[in-house]
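See structure below.
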Amino acid sequence: MTQVPFGKRALDAAVLLLLIGGGGGVFLLSERMPVAARTFPRMMATAMLAFCALALFNNLVRGVLADSDYSESPDTLPPKPMSAVLARLVAFVLATVGFIVLMPVLGFEGAGAFLILAGMLILDVRQALRSWWVALILPPLLGYIFREGLYLRLPLPPFLS
Amino acid sequence: MDLLNGIANLADPLVFLAMTIGVVWGIICGALPGLGATIGIALLIPFTYGIDPRVALPMLAGVYAGAIYGGGITAILLGVPGTSADAATVFDGHPMAKQGRANKALTASVSASAFGGMVSALALLALAPPLARFSLAFGPHEYFLVAIFGLTVIAAVSPTSIIKGMIGGALGLLVGTVGIDPITGSMRFTFGQVALYDGFPLIPLLLGLFAFPRAMQLIEDLLRRGSLNISLIRESSGGPPMTLGEMWASRRTYLRSSLLGTLIGIIPGAGANIACFVGYAAAKRAAADPTTFGRGDIDGVVASEAANNGTCSASLVPLLTLSIPGSPAAAVILGALLIHGMTPGADLFTRHAETTYTFIAAGFFCNLIMLAIGWYGGRAFAAIVRIPTTILAPSMLLIAFIGAFAARQQPFDLGVLVGVGLVAWLLTRIGVPMASILLGVILGPMAEAGFRRAMLISNWDLTSFLTRPLSLALIVLTLLSIAAGWQMTRRIQAIAASQRRISETLVEQPQ
């Protein structure tokens, strides 16, 4: 347990409040279930609520919270603030959503090429310009291995289906 | 007979090839900082779908062994451990490389890893079958208590905070209730989605819990701090390998660390990252001149590497016998066993005996393959760290998406991966361990079904837990192990922390 800056405490509190909200939601959603079916989920929700309340107490009153699982690189450069990179992180998540949306339309190969290329462009344009060929080679290679070698029915590109 | 058949299966060229691929993939994942055994196994699971389990499981055994060893290569050559399980290898391995003895350190690392892994596999072979037979006597009461035992132990050894571990466990148990109620048949939290009737799909969930947050963390690290500028040191290019005489001189360290690693591996929750420090500390205590440790002592490398690989097969003892995954990697292996229709317990050693013994034997023989690959080609794997995160993160997610899709061929499962992954990323940032969530998901249905069946047959008499001898014994064992495990984990972590502090000081000093 360590003293942590306000930003991390705020994030910790926000996530804990979300979990508390989720725990409360379990009670509402299980209202119509038979008693036997809802007892166990409600017990677990109660346990989660109690532990979240304890963690929130630690955060708000004692000002301490658990060390994050997240381990940062051991280099010496001071990190940029989270707000500076948030837009690109969100863009990357949107690229993964784009992959899911595009896969039935473009097939695995097309959507895979989109994911890798979009991901590389979001993270580092210069690297993307150097390594664009990875986006063209890797998805077809994986598609071939999984379809021919492992008999997986990945969606095909439109011109092949 | 099944054991002999299991060993004979390994002679099949296809199985041998699968083990070799597994070891190489494992070394690559181990060498890449940020991946490691859990992600390595999770990403390889989709490749095992269409394969006979007698080929697929040895491949996973290879990944497990290779990944724990692989982190040691970069620890020695670059001073950056690929996995936390190899953190103690840096202390002596990297100074050795700086002194021009890189090959000696690398060969010491692979020989110790192989030896530790083989000792661990023998322990699994000796302990798992009798323990699994013992589980035949279990009824619903006992299965409930075994599930509770698994949950409490993992919460107690939660690396960040016990409360956050408990939150993860409770959340996992809640997620485990999604789907058709096993007793009444009513729907729970399915929101009308047919894809959720059988509960959350395990593989997309698992990849969402481990692969997605890891990819996001790699990206965040890249964006906030830039790419790591690490390069091989010039002096690390040569030097002779470890000799047989040096191995014989270090025989006690090989054996002591392997046994320590095996013992730690058997304890659910205590993993390779603790074992490497404990092995290192024990070797230092036993050394005639402890001051050489941290300055390039070959025994330091042997101690750390034998101990961390000693946990590999040993961590499967509670998994194969009682369904309790002893580590996140073991939890992922449980997922792989389940998708191949193999449920841990006595069933593994009766109905699937030949496949199970093939898997256990592979845990032994993969180490020999690893020894050959590592002895002659260990240095080549150090170049792996040069793969830029820009390429690695989206490629890793692409393979994870295939894994999520492969199990049921439903686009819904891709959404599960991203949805669970986003939640997991947030939870990881506040210190909720993903392993505790996964354990809750896996053990939850077992705990709930056990408890409700126990109550049905005992007419809701809670004292029935105390009147059944085996059940009572399990309660006492659970309480004892919580107390002992708690104490031991604190002690082990204290040793690890003190070793880390001392060795960090030594590594920081100019060589």
Side-chain angles (χ1 to χ4, degrees), chain A residues 1 11-12 15-16 19 26 29-30 33-34 36-37 40-41 44-45 47-48 51-52 54-55 58 65-70 72-75 77 79-80 82 85 88-89 92-93 96-97 99-100 103-104 112 115-116 119-120 123-124 127-128 131 134 138-139 142 146 149-154, chain B residues 46-47 49-51 80 84 159-161 163-164 166-167 170-171 173-174 177 181 183-184 186 188-189 216-217 219-226 228-229 388-391 393-395 397-399 401-402 405-406 409 411 414-415 418 422 426-434 444 448 451-452:
Chain A
M1 306 285 262
L11 176 73
D12 187 80
V15 176
L16 288 171
L19 286 173
V26 169
L29 290 168
S30 60
M33 290 179 197
F40 190 79
M44 293 308 113
M48 194 175 78
F51 292 129
C52 285
L54 262 174
N58 270 341
L65 46 98
D67 294 327
S68 169
D69 252 8
Y70 176 50
E72 291 174 332
S73 293
D75 59 13
L77 291 173
K80 290 179 192 165
M82 187 65 184
V85 300
R88 287 208 273 175
L89 281 170
F92 189 84
V93 173
T96 64
V97 175
F99 169 82
I100 299 172
M103 197 166 84
L115 174 66
I116 294 182
M120 288 198 298
L123 299 180
D124 185 347
Q127 181 71 49
S131 310
V134 176
L138 189 63
L142 287 172
F146 278 92
L150 303 167
Y151 311 111
L152 187 67
R153 284 175 300 165
L154 287 169
Chain B
F47 292 88
Y49 278 122
I51 301 178
V80 180
S84 53
T160 52
S161 129
I163 296 175
K164 294 281 170 72
M166 293 287 196
I167 291 173
L171 183 63
L173 285 163
L174 256 180
T177 64
D181 174 40
I183 309 289
T184 65
S186 50
R188 296 192 297 193
F189 314 114
M216 293 301 286
Q217 285 169 2
I219 291 166
E220 192 189 325
D221 208 29
L222 172 75
L223 294 177
R224 292 185 72 190
R225 291 172 173 267
L228 264 177
N229 194 14
T389 305
T390 318
I391 297 172
S395 307
L397 275 182
L398 187 65
I399 297 175
F401 275 127
I402 298 175
F405 185 79
Q409 325 249 331
L414 302 180
V418 174
L422 283 173
L426 272 180
L427 293 174
T428 308
R429 293 188 63 82
I430 68 159
V432 175
M434 292 301 104
E448 185 187 9
F451 180 75
R452 287 169 66 183

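Chain letters run A, B, ... following the sequence lines, proteins first, then strands; residues in each count from 1.
- Distance check: A:N58 CG to B:I163 CD1 gives 4.5 Å after rounding to the nearest 0.5 Å.
- Contact between A:I100 and B:P411 at its shortest, heavy atoms only, is CG2-O, 4.5 Å.
- At least one side-chain heavy atom of B:F405 sits under 4.5 Å from a side-chain heavy atom of A:M103.
- Contacts of B:S395 with chain A are made by both backbone and side-chain atoms, with heavy-atom separations under 4.5 Å.
- With rounding to the nearest 0.5 Å, the separation of CZ in A:F51 from CE in B:M166 is 4.5 Å.
- Contact check for B:V418 versus A:F99: no side-chain heavy atoms found under the 4.5 Å cut-off.
- Considering only heavy-atom pairs separated by less than 4.5 Å from chain A, the leading option among B:L398, B:T177, B:T184 is B:L398.
- In this structure B:I183 satisfies the side-chain contact (heavy atoms from CB on, under 4.5 Å) test together with B:D181, B:R452, B:R453, B:L456, sequence neighbours excluded.
- Of the listed residues (A:L19, A:L54, A:T96), the one with the most heavy-atom contacts under 4.5 Å to chain B is A:T96.
- Considering CZ of A:F146 and CD1 of B:I402, their distance stands at 4.5 Å, rounded to 0.5 Å.
- A:P104 does not touch chain B: none of its heavy atoms, backbone or side chain, sits under 4.5 Å away.
- Taking CG from A:L89 and CG from B:L223, the interatomic distance works out to 5.5 Å, rounded to the nearest 0.5 Å.
- Side-chain atoms of A:P41 and B:R188, non-hydrogen and from C-beta on, do get closer than 4.5 Å to each other.
- The side-chain contact (heavy atoms from CB on, under 4.5 Å) check on B:L426 picks up A:L11, A:V15, with sequence neighbours excluded.
- Looking only at side-chain heavy atoms (C-beta outward), A:L16 and B:I167 come within less than 4.5 Å of each other.
- Contact annotation: the side chain of A:F92 approaches that of B:L397 to within less than 4.5 Å [non-hydrogen atoms, C-beta and beyond].
- Only the side chain of B:Q409 comes within less than 4.5 Å of a heavy atom in chain A; its backbone stays farther off.
- Side-chain atoms of A:V93 and B:M216, non-hydrogen and from C-beta on, do get closer than 4.5 Å to each other.
- Note that CD of A:Q127 and CG of B:L222 are 9.0 Å apart. Values are rounded to the nearest 0.5 Å.
- For chain A, the option among B:L414, B:L174, B:L171, B:L427 with the highest count of heavy-atom pairs below 4.5 Å is B:L174.
- Proximity to chain A involves both the backbone and the side chain of B:T390, based on heavy atoms less than 4.5 angstrom apart.
- Side-chain atoms of A:D124 and B:T389, non-hydrogen and from C-beta on, never get closer than 4.5 Å to each other.
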